[in-house]
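Whatever order the structure lists them in is the order used to number ligands and atoms, beginning at 1. One is the number of the first residue; the rest follow in order along the sequence. Hydrogens, waters and symmetry mates play no part in the numbers below; they use all other heavy atoms, side chains included. The shown structure was predicted, so the numbers you read here are calculated from the model rather than taken from an experiment.
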Amino acid sequence: MVSVEVLNNHPTGGALCAKGRAAPEIVASPRRLTVPLKRTRPRGAADPGWVEVSWDEALTEIANRLGAIRAESGAEAVAFGVTTPSGTPMVDSFEWVERFIRGFGSPNLIYSVEICGWHKDFAHALTFGRGIGFPDYDNADAIILWGHNPARTWLAQATRIADARRRGAKVVVIDPKPNGSGQQADLWLRIRPGADGALAMGAIRHLIATGSFDADFVDAWTNGSLLVDRATGRFLRADALWPDGAADVFVRLDASGSPVPCDTRYTQQSGGRLRGVLSVRARDGRMISAATAFELLVERAAPYTPARVAELTWLPIADIEAFNALLATRPRLAYHSWTGVGQHTNATAIERTIASLYALTGACDRPGGNRWPVPPPTRALNDYNILPPEQQAKALGIAELPLGPPAKGWITARDFSRAVLEGEPYRVRALVAFGTNFVVSQGHSERNKAALNALEFQVHIDMFMNPTAESADFVLPASTPWERDALKIGFEITQAAVETVQFRPRMVEPVGEVKADYEIAAALALKLGMHELFFGGDIEAGWNYQLAPLGVGVEDLRGHPEGRRFPQAFRDEKYAVTREDGTAAGFATPTRRVEIYS
Ligand SMILES: Nc1nc2c(c(=O)[nH]1)N[C@H]1C(S)=C(S)[C@@H](COP(=O)(O)OP(=O)(O)OC[C@H]3O[C@@H](n4cnc5c(=O)[nH]c(N)nc54)[C@H](O)[C@@H]3O)O[C@H]1N2
Ligand SMILES: Nc1nc2c(c(=O)[nH]1)N[C@H]1C(S)=C(S)[C@@H](COP(=O)(O)OP(=O)(O)OC[C@H]3O[C@@H](n4cnc5c(=O)[nH]c(N)nc54)[C@H](O)[C@@H]3O)O[C@H]1N2
Ligand SMILES: [Mo]
């Protein structure tokens, strides 16, 4: 292997990131782990006394230890870790690793989602029912990079943004630092770190004050028109007002300002009022002080004048006004937000604000906006419901974060360390990590290191030794992507990318005794009795299970190493589709609308 080159007609293969360019060095690095290692001296000893062991010895002992801890303390006493599939080749094995963890029975996977993409991939669904979608840079009039620097982290996207700018799209970069995307921006907003919510609130205020939001979209497809009971904060239901009113029907205002039932299962003919504050008499005689959700947004946004936003964000008023004015032109608006927003303690709230602003523009799921893909039908290997509900309920941190990552089996290093060191809410005794270096990549390194040292048993799987692996009892050598076959179902950045399925064959002989992470997960699974769940250890059978709904198998794809496309019936404004029973597709939220109020 001497170099890696781009594949120009591949949806994301036209640009190579640093890790791709360095592939030959990574594969041939003399520092690679090449054989399973076992510790022979106690943790904390200056020399761990690593000895080389066979795969069978390592896997047998690991499976026995994990099985014993599970029998004594429950599967939740074993935590797992995984490196990010966004920035590493773990993407080849991620679903297999999660299948193994869920089959084992543990709800505790240390995954960096809470400092990575939680806001855009999951919190965004609190507003829109789905993640952020793919920004349609190719057709956008305006592009906002909100705490995201694709020139450094997503070259395939950076190229498209540069092309868009060349044809006249306006690029706004919201970032405290100039280097990277800020230098190629039409408007660079050098925001105070963490103040993004204030900027978004100011823009919401401006769009409403100037009437330059998409009123038709907001009226028909957000929950802004629905009445909220101010005393309870809950949406008013028709059964509170009318004898024949249903409990799942909401209430809105008609053109004269009178409350009328609003069944959000159906598309509404608009013509009612979006704004309104009133007192209504309930059937039981009680007076209810109510306001539309949109009115509540108006009230909440009112303090965010340009002067106030300038104070909070440290931005010049002229920049804030330029930003507001651009949004007020109702551009086809595509945006992406990543770690600049996602790594703040208030990331979910900032994301809710940005999403509400985006809802006012009406640009979602339209050309030039953020569109939701229609993926080809395939099966996932990592269904969370492989894990029984009683185990799901034990995820560390779920009491404090019931809507957060623990609800999906992803825990923070903080909660892991607390469980190991303090036994709160129960003792975690072991850790098995597929990559990751959370001693360095997550907060409070010293405490996380202390937790690792306090474990009874630790296994780390990696291509290289790292500070998180140093305390392990076993360190197992992982292959690089070039040394293994891999199946990739869908790439992210366009509908065509999502429709691309690629089977990437092994290109070089594996170094030493390295194995793919998916092979290691499967081997451990078999030793722990998960024969059926792991297709008897036949990885290809697993891939064929994933592909079956497409009517192809691995063998078909082998002949097309550049990938094959499986075109889907794609349309925009999918929320507006009327189903056979007359109901509208809507949004996957409790009110079936975009939730500017939750
Ligand atoms: N080559 C390569 N590419 C990668 C990765 C890799 O390891 N190598 N990792 C992948 C992963 S896991 C991820 S999560 C992505 C990350 O992708 P990005 O989020 O694009 O990562 P950064 O380059 O750190 O850009 C974040 C920007 O946010 C800015 N910022 C910091 N604080 C704030 C703030 O308070 N507000 C705003 N508005 N901006 C702020 C920073 O100055 C920085 O320019 O990259 C992915 N791509
Ligand atoms: N200081 C700082 N902290 C950060 C970030 C930051 O930019 N700066 N970014 C945050 C974000 S967005 C993220 S996603 C996290 C990432 O956090 P981590 O997932 O901990 O990522 P890394 O620190 O790069 O460590 C990755 C480890 O996994 C190994 N590895 C890579 N590929 C594979 C593979 O295919 N298999 C196996 N078994 N191992 C592999 C690498 O060799 C390395 O030892 O960090 C977060 N924390
Ligand atoms: Mo990340």
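Contacts of Ser479 classified as side-chain contact (heavy atoms from CB on, under 4.5 Å), with partners at least two apart in sequence or in another chain: Glu483, Arg484, Val514, Ala516.
Ligand 2 has no N or O atom lying under 3.5 Å from any N or O atom of Gln442, backbone or side chain. Among the atoms of Met463, none of the N or O lies under 3.5 angstrom from an N or O of ligand 2.
Each of the atoms 43 (C), 44 (O) of ligand 2 lies under 4.0 Å from some heavy atom of Asn466. Using a 4.0 Å cut-off to heavy atoms of Phe434, the atoms of ligand 2 that qualify are 38 (N). Heavy-atom contacts of Gly435 reach the following atoms of ligand 2: 28 (O), 37 (C), 38 (N), 39 (N) (cutoff under 4.0 Å). Under a 4.0 Å criterion applied to the non-hydrogen atoms of Ala478, ligand 2 contributes the atoms 38 (N). Numbered from 1 in the order shown, with element, the atoms of ligand 2 that lie under 4.0 Å from a heavy atom of Ile461 read 37 (C), 38 (N), 39 (N).
With no hydrogens or angles considered, no side-chain donor-acceptor pair links Thr305 and Arg205 at under 3.5 Å.
Comment: Arg102 engages Glu98 in a salt bridge, judged by a side-chain N to carboxylate O separation of less than 4.0 angstrom. A salt bridge links Arg166 with Asp163: the distance from a Lys NZ or Arg NE/NH1/NH2 to an Asp or Glu carboxylate oxygen falls below 4.0 Å.
Put simply, the side chain of Thr159 gets close to the backbone of Leu155: a donor and an acceptor are under 3.5 Å apart. Judged by distance alone, with hydrogens and angles left aside, the side-chain atoms of Tyr304 form no donor-acceptor pair with the main-chain N or O of His206 at under 3.5 Å.
Sorted by chain and number, the heavy-atom contacts of ligand 1 below 4.0 Å come from Cys17, Lys19, Thr84, Ser86, Gly87, Cys116, Trp146, Gly147, His148, Asn149, Arg152, Thr153, Ile174, Asp175, Pro176, Lys177, Ile191, Pro193, Gly194, Asp196, Trp338, Thr339, Gly340, His344.
Among pairs with a residue in residues 47-57, those fulfilling salt bridge (charged side-chain N to carboxylate O under 4.0 Å, His left out) read Arg41-Asp47, Asp56-Lys527, at least two apart in sequence or across chains. For residues 313-325, no pair satisfies salt bridge (charged side-chain N to carboxylate O under 4.0 Å, His left out), with sequence neighbours left out.
The side chain to side chain donor-acceptor pair (under 3.5 Å) with Asp473 is formed by just one residue from the set Arg65, Arg43, Lys38, Arg39; it is Arg43.
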